[in-house]
Amino acid sequence: MQKEIRAALLFGLVVWVYQATNPPPPKICGTPGGPPITAPRIKLRDGRYLAYKEHGVSRETAKYKIIYVHGFASMRHNTMSVEKLSPEVVEELGFHLVSFDRPGYGESDPHPKRTPESIALDIEELADHLEFGSRFYVMGFSMGGQVVWGCLKYIPHRLAGATLIAPVVNYWWPGFPANLSTEAYYLQLPQDQWTLRVAHHAPWLTYWWNTQKWFPASAVAARKPEVFSRQDLELLSMVTDGRMNMPQIMQQGKFETIHRDMMIGFGKWEFDPMDLENPFPDNEGSVHLWQGDEDKMVPASLQRYIAQRLPWINYHEISGSGHMFPYIPETCEAIMKALLLEKKLALLRA
């Protein structure tokens with residue numbers, strides 16, 4: 001009898017481990033039982049599809065061509081306040097901006113082997129498909145801002161300029177002084193500390209940790225009020241696009257969207273952004289990093305350190321702002337102008 005009990009317990013443990021480490025397969029768009037395809041998509045070299053959306057002036061008349069990378073739990077429809085810019089500002093800047101669903105999000109196929117390098121190459125392939133020319137601009141917000149580091153590493157020769165907006169930091173990047181990253185890490189809620197520990201040290205348990213009911217999982221993923229600044233909470237009532245698109249954002253499954261983001265964003269990287277060299281040594285382009293000083297999701301102290309280590313970055317810190325500041329139309333306009341018009345403004349000042 002005892003052997004049978006032990007065997008049953010062992011079998012139950014094996015079943016639990018398998019379920020904990022093997023998330024359900026994603027529901028691929030356009031496949032039987034999967035969500036429908038409604039967006040324009042390109043087919044990548046490896047056979048995956050990438051969905052995108054175009055904004056601004058026409059591609060043919062644009063002076064500046066930009067690829068925008070959305071953040072955590074977002075999609076191609078979420079572009080800060082770009083769509084709220086006045087027609088006069090859009091015409092003045094003359095930009096054509098393309099946002100896309102990162103792999104697994106919205107209507108883009110998942111990529112189980114996604115890395116910082118692979119998504120940079122996806123961006124390059126998207127630009128080539130859209131005939132953006134030899135150089136183009138990249139912008140990214142939050143987790144999408146972190147993606148821009150990969151562009152600066154792997155496709156710097158294709159960039160005309162880059163903007164990182166409140167980019168998520170990886171507390172385990174070796175360039176950070178241990179005391180600084182540790183102090184910033186412990187500013188997070190305990191449940192987020194544990195979520196990131198799992199993503200970094202035991203990524204195979206990320207699905208289980210974020211679906212189990214015994215301990216609280218990510219407060220950021222749950223959008224708990226505690227992770228937002230005072231200004232963020234005021235802005236959330238204005239930011240309706242995320243709530244309206246939420247079912248479509250993760251319609252293919254949470255594992256290949258937010259869970260994959262956690263494993264990549266806080267996993268072991270092949271490079272340290274603080275070791276990057278200036279992609280524009282002759283000032284033919286510029287790199288900008290924007291950060292709110294009251295951001296509760298991304299510590300300003302770590303962004304300041306990055307800016308000190310990389311003096312070629314134009315660092316903009318906004319007083320009294322949290323994480324959602326790019327959703328203020330005036331701030332979004334300033335971010336766009338700093339990237340696209342910097343050389344023109346420098347010439348005027350000279």
Side-chain angles (χ1 to χ4, degrees), residues 9-35 46 48-51 69-75 78 101-119 122 142-144 146-147 150 168-172 185 188-224 226-227 242 245-270 297-298:
L9 290 173
L10 180 61
F11 177 76
L13 178 62
V14 170
V15 170
W16 177 82
V17 170
Y18 179 82
Q19 292 176 340
T21 57
N22 288 271
K27 298 177 180 178
I28 308 296
C29 287
T31 62
D46 63 5
R48 288 180 295 115
Y49 284 90
L50 209 64
V69 192
H70 68 75
F72 183 79
S74 300
M75 63 184 304
N78 309 123
D101 291 335
R102 290 194 285 113
Y105 281 102
E107 297 180 29
S108 288
D109 289 346
H111 189 195
K113 296 181 179 179
R114 175 158 58 105
T115 65
E117 180 179 14
S118 73
I119 193 165
D122 285 353
S142 193
M143 191 64 79
Q146 191 187 66
V147 169
V168 169
V169 296
N170 185 324
Y171 297 92
W172 290 272
Y185 181 83
Q188 302 177 99
L189 295 175
Q191 64 197 84
D192 286 320
Q193 295 172 28
W194 276 105
T195 298
L196 300 195
R197 281 194 192 102
V198 170
H200 182 78
H201 296 291
W204 57 90
L205 289 177
T206 299
Y207 169 74
W208 170 78
W209 179 261
N210 287 279
T211 55
Q212 52 79 32
K213 305 300 181 185
W214 298 323
F215 308 103
S218 171
V220 173
R223 300 194 173 195
K224 296 287 187 182
E226 297 91 330
V227 303
N245 297 318
M246 189 58 73
Q248 191 182 358
I249 288 172
M250 292 181 280
Q251 62 185 350
Q252 299 184 88
K254 288 186 177 181
F255 183 72
E256 288 298 343
T257 51
I258 59 174
H259 298 168
R260 183 72 64 188
D261 271 0
M262 293 174 187
M263 291 187 289
I264 295 172
F266 302 102
K268 296 176 175 63
W269 279 40
E270 295 180 352
M297 299 187 207
V298 182

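In this text the structure is predicted, and so the values were computed from the model without any measurement.
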Side chains of [X] and [Y] in contact at under 4.5 Å (non-hydrogen atoms):
{"X": "Gln251", "Y": "Lys27", "value": "no"}
{"X": "Pro35", "Y": "Cys29", "value": "yes"}
{"X": "Ile119", "Y": "Gln146", "value": "no"}
{"X": "Ile264", "Y": "Thr115", "value": "no"}

Between [X] and [Y], which heavy-atom pair has the shortest distance, and what is it?
{"X": "Gly265", "Y": "Met143", "answer": "CA-SD, 4.3 Å"}
{"X": "Gly104", "Y": "Thr257", "answer": "O-CG2, 3.1 Å"}
{"X": "Val220", "Y": "Asp192", "answer": "N-OD1, 3.5 Å"}
{"X": "His200", "Y": "Phe266", "answer": "ND1-O, 2.8 Å"}

Would you give the length of the straight line joining atom [atom1] of [X] to atom [atom2] of [Y], rounded to the nearest 0.5 angstrom?
{"X": "Tyr207", "Y": "Lys254", "atom1": "OH", "atom2": "NZ", "result": "9.5 Å"}
{"X": "Arg223", "Y": "Ser218", "atom1": "CZ", "atom2": "OG", "result": "11.0 Å"}
{"X": "Asn78", "Y": "Ile249", "atom1": "CG", "atom2": "CD1", "result": "5.0 Å"}
{"X": "Glu256", "Y": "His111", "atom1": "CD", "atom2": "NE2", "result": "9.5 Å"}

**Asked** If you measure from the Lys or Arg side-chain nitrogens to the Asp or Glu carboxylate oxygens, is any gap between Asp46 and Lys113 under 4.0 Å?
**Response** no

**Prompt:** With the threshold set at 4.0 Å, does a side-chain nitrogen-carboxylate oxygen contact exist between Asp122 and Arg102?
**Reply:**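 Salt bridge flag = no for Arg102 with Asp122.
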
Expected output: side-chain [X] to main-chain [Y] donor-acceptor under 3.5 Å:
{"X": "Ser74", "Y": "Phe72", "value": "yes"}
{"X": "Tyr105", "Y": "Ala73", "value": "yes"}
{"X": "Asn210", "Y": "Thr206", "value": "yes"}
{"X": "Arg260", "Y": "Pro112", "value": "yes"}
{"X": "Gln252", "Y": "Asp109", "value": "no"}
{"X": "Thr195", "Y": "Gln191", "value": "yes"}
{"X": "Ser108", "Y": "Asp101", "value": "yes"}

**Prompt:** Just wondering, are more than 12 heavy atoms of other shown residues or ligands nearer than 6.0 Å to NZ in Lys268?
**Reply:** yes

**Item:** Heavy-atom neighbours of Trp194 CH2 exceed 12 at 6.0 Å
**Value:** no

**is_close_aromatic(His259, Trp208), centroid dist under 6.0 Å** = no

**Asked** Parallel, tilted or perpendicular: which fits the ring planes of Tyr171 and Tyr185, with parallel below 30° and perpendicular above 60°?
**Response**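 It falls in the perpendicular class, over 60°.
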
**Message:** Does the plane of the ring in Trp209 sit parallel, tilted or perpendicular to the ring in Phe215? Use 30° and 60° as the thresholds.
**Reply:**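 Rings of Trp209 and Phe215: parallel, under 30°.
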
